[in-house]
Novice: 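Following this message is one structure expressed as structure tokens.
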Amino acid sequence: MKVAIYCRLSEEDRDKSNVGDESRSIQNQKSLLLDYALGKGWEVYRIYSDDNYVGSDRKRPEFMRLLQDAENREFEIILCKSQSRFTREMELVEKYLHHLFPLWGIRFVSVVDNADTNNKGNKKSRQINGLVNEWYLEDMSESIRSVLTSRRKNGFHIGAFALYGYRKDPEHKGRLLVDEEAAAVVREIFTLFAAGYGKTAIARLLNDRGVPNPTAYKQLHGLRYRQPTHKNGSLWKYPAISSILANETYTGNLVQGRYGSVSYKTKQNRPRPKSEWYIVEGTHEPIISRALWEEVQALAAQKSKPFSDGAIGLFAGKTRCMGCGYTLRSSQSRGRRYLKCPSRQVAKNACTGSFIPVDRLEETVLYELNRLCAQYLDPEMLARLVPFRDGLPERQKRLSAALHAYEKELAGYAKAFRELYMDKVKGLLTAESFAELSQSLSAERERLERLAAESRRQLSALESRRTEETGDQTPTRLKQLPREAVEILIDCIIVGKRASGSSCYPIEIHWSF
């Protein structure tokens, strides 16, 4: 009989007071299990070992390899010190020990708690062990959370990485010290933005001078850092500049808890509302003054201009550059939306610069989606399904409201122009002042007229679509791509640069199904 030995050591095991506890070291676990396997006359296929991983982590590398080899029937037995070494989740106990392992012909044995799937009589014991382990995991998570919350409220930094511009104080745990070399770059970023430079322009200036971005800087100085996930990982980009400009920690106030875990069973985090952040004033030396911070925030609020209809981009967060792997950024020009690679704008020769109109990408995705539906799905079955909700009435309502607001503002500008003219006639304004003010009013009125015209065009297109689809209840072919469909069906879309003289854009669609 071939046996796979699985060992796991987590951080909480290292902190146990009993030095003689066998779970303190992977070596002790291996020795115990090897002696047990040899005593049973089993042949050891392989030893799988995960060091410094908690029992709730489903992506432990050796754990995943063990499961893959089990599915491939590479061995007949899995041997652990205890059931909790394998997993602390009741869900995985049921999934593997009581469902998949029997299907794969795998026997699970743990030494300390006498779990053995060949023994039908101790199934309830295994389930009870699973519940106890899950309760332990939940209690430990709550205990850790309460300790971290207390430290946050008391102004201690608890992150694994120090914010760019600071370093951890080696003498006082939880305190931050200014890293002057990086702090100088932070001050420059705030100063440039206050002077009128845009975030992309600031990134370009830093890249042209060869200033490493936060990740590359920490890597060069031997500090802990997050592994870059894209090519050109040393370049400054718009998001890095934006993140620095929005972080109040640079004023000397410690801001933590901006993201929180979804559950103790997963490492996924999600943004938390500002009311739930932990902000403690005056915990460390500031890099920028409070006056500069407030000036930058006011400027950032003025420059923040969403799309005219206020809608989220159709492919927001779903498109990546084929050249460098970065997420494409949205832009808008003359009423048309585009997606483009940010690398091209921040450094010379950083990337080939992927670029595509949103409507062209939507057309391509729609074609591929309808082709797959026609090829693999049953039309009669589709006819009985509820079609995608594309939010057509909501979009029409939103566009109508925007159009009404534009028209109201235009009426106000017309009135202001008449009053301005009367002031000139009465001699209250000089000809120069009238020309200057009327030019400003005309420019703003032209902008509003363009927005109103675009809203009318979109409303007309939506009305035409509603007319075309009246009475068509068979959802066998999508005519427009709703955001909900993109979110559910598409994992990511890789976009390349169109070759000179060609009308085709290189596109790779990675579906979620």
Side-chain angles (χ1 to χ4, degrees), residues 148-149 151-169 174-207 211-219 221 223-226 228-229 233-261 269-304 327 329 342 346:
L148 295 181
T149 298
R151 290 185 63 80
R152 286 189 180 109
K153 289 180 177 179
N154 289 321
F156 290 95
H157 178 266
I158 63 170
F161 308 95
L163 180 67
Y164 178 72
Y166 290 98
R167 56 185 176 86
K168 291 186 175 183
D169 188 342
R175 299 296 181 187
L176 294 176
L177 299 176
V178 173
D179 182 350
E180 195 52 49
E181 183 179 349
V185 178
V186 172
R187 293 190 194 98
E188 182 180 6
I189 289 171
F190 275 89
T191 304
L192 287 172
F193 190 82
Y197 284 81
K199 297 172 185 177
T200 300
I202 294 173
R204 188 186 303 116
L205 286 172
L206 296 175
N207 289 329
V211 178
N213 70 1
T215 299
Y217 175 83
K218 292 180 179 180
Q219 188 176 12
H221 289 76
L223 304 173
R224 294 190 67 182
Y225 65 95
R226 289 183 178 86
T229 56
S234 63
L235 290 178
W236 285 90
K237 295 291 179 72
Y238 180 99
I241 303 295
S242 182
S243 177
I244 287 174
L245 292 173
N247 200 321
E248 191 180 350
T249 302
Y250 292 116
T251 66
N253 300 339
L254 191 58
V255 182
Q256 299 184 101
R258 295 191 297 177
Y259 291 83
S261 61
N269 288 331
R270 63 184 176 191
R272 301 173 65 186
K274 192 171 183 179
S275 59
E276 297 181 12
W277 295 1
Y278 302 97
I279 303 177
V280 183
E281 297 182 357
T283 60
H284 53 275
E285 181 183 349
I287 290 178
I288 62 166
S289 67
R290 191 72 195 179
L292 179 57
W293 162 261
E294 291 175 353
E295 181 183 357
V296 164
Q297 301 317 300
L299 282 172
Q302 292 175 9
K303 292 184 177 183
S304 175
T327 301
R329 283 187 57 202
V346 298

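Side chains are part of it too, since the values below use all heavy atoms of this structure and drop only hydrogens, waters and symmetry mates. All residue numbers refer to positions in the sequence shown, counting from 1.
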Novice: What is the minimum heavy-atom distance between V178 and A183, and which atoms define it?
Specialist: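 Scanning both residues, the minimum pair turns out to be CG1-CB, 3.7 Å.
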Novice: Do I189 and L245 come within less than 4.5 Å of each other through their side chains, counting heavy atoms only?
Specialist: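 Yes, their side chains come closer than 4.5 Å.
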Novice: Quick check: does any side chain N or O of Q256 sit under 3.5 Å from a backbone N or O of F156, one acting as donor and the other as acceptor?
Specialist: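 Yes.
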Novice: Hey, could you give me the CG/CD distance between L299 and Q297, rounded to the nearest 0.5 Å?
Specialist: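 Between L299 CG and Q297 CD, I get 9.5 Å after rounding to 0.5 Å.
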Novice: For the pair E248 and R290, find out whether any cationic side-chain nitrogen is under 4.0 Å from an anionic carboxylate oxygen.
Specialist: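 A salt bridge links E248 with R290.
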Novice: Mark yes when over 12 heavy atoms from residues, nucleotides or ligands other than E180 sit less than 6.0 Å from its CD; otherwise mark no.
Specialist: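 Yes, because the 6.0 Å sphere around CD of E180 holds more than 12 heavy atoms from other groups.
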Novice: Mind running side chain to side chain contact (heavy atoms under 4.5 Å, CB included) on F193 and I244 for me, showing each step along the way?
Specialist: CA-CA 11 Å; F193 190 82; I244 287 174; over 6 Å; no
Novice: Start with the C-alpha distance between T191 and E188, add both sets of side-chain angles, then the distance that settles side chain to side chain contact (heavy atoms under 4.5 Å, CB included), and finish with yes or no.
Specialist: CA-CA 5 Å; T191 304; E188 182 180 6; 5.6 Å; no
Novice: As a quick check of understanding, evaluate side chain to side chain contact (heavy atoms under 4.5 Å, CB included) for T283 and L176, giving each step before the final call.
Specialist: CA-CA 8 Å; T283 60; L176 294 176; over 6 Å; no
Novice: Between atom CZ of F190 and atom CZ of R187, what is the distance when rounded to the nearest 0.5 Å?
Specialist: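 Reported value, rounded in 0.5 Å steps: 11.0 Å.
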Novice: Output yes when a side-chain donor or acceptor of D169 lies under 3.5 Å from a complementary backbone atom of L177, and no otherwise.
Specialist: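 Not at all, since once roles are kept as given, no pair shorter than 3.5 Å links the two residues.
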Novice: Working to the nearest 0.5 Å, report the span between CD1 of I202 and CG of N207.
Specialist: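 I202 CD1 to N207 CG: 12.0 Å, rounded to 0.5 Å.
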Novice: Just by distance, do the side chain of K218 and the backbone of A162 share a donor-acceptor pair under 3.5 Å?
Specialist: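 Present.
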Novice: I need the minimum non-hydrogen distance between V296 and A194, along with the two atoms involved.
Specialist: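 Reported closest heavy-atom pair: CG2-CB, 4.3 Å.
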Novice: How close do Y250 and Y164 get, counting heavy atoms only, and between which atoms?
Specialist: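 In this case the closest contact between Y250 and Y164 is OH-O, 2.6 Å.
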Novice: Which atom pair, heavy atoms only, marks the closest approach of A203 to W236?
Specialist: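 The answer is CB-O, 3.8 Å.
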Novice: For the atom pair CG (N253) and CD1 (I279), what is the distance rounded to the nearest 0.5 Å?
Specialist: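 Here the interatomic distance stands at 7.5 Å.
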Novice: Distance check, rounded to the nearest 0.5 Å: K153 atom NZ versus L254 atom CG?
Specialist: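 One finds 14.5 Å between NZ of K153 and CG of L254.
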Novice: Would you name the heavy atoms of W277 and R272 that are closest together and state the gap between them?
Specialist: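 Result for this residue pair: NE1-O, 3.0 Å.
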Novice: Looking only at heavy atoms, what is the nearest atom pair of L292 and S289, with distance?
Specialist: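 The answer is N-OG, 3.2 Å.
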Novice: Verify side chain to side chain donor-acceptor pair (under 3.5 Å) between T249 and N247, making sure each step is shown before the conclusion.
Specialist: CA-CA 5 Å; T249 302; N247 200 321; 2.8 Å; yes
Novice: To the nearest 0.5 angstrom, please state how far the NE2 atom of H157 sits from the CZ atom of R151.
Specialist: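 Reported to 0.5 Å precision, the distance equals 11.0 Å.
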Novice: Is it true that E285 and R175 have a side-chain N and a carboxylate O under 4.0 angstrom from each other?
Specialist: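 Here E285 does not pair with R175 in a salt bridge, since their nearest N and O are not under 4.0 Å apart.
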Novice: Among L205, L206, L235, which residue satisfies the side chain to side chain contact (heavy atoms under 4.5 Å, CB included) criterion with V211?
Specialist: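 Among the candidates, only L206 passes.
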Novice: How far apart are the C-alpha atoms of E181 and H221, what are their side-chain angles, what is the distance that settles it, and do they pass the side chain to side chain contact (heavy atoms under 4.5 Å, CB included) test?
Specialist: CA-CA 11 Å; E181 183 179 349; H221 289 76; 3.2 Å; yes
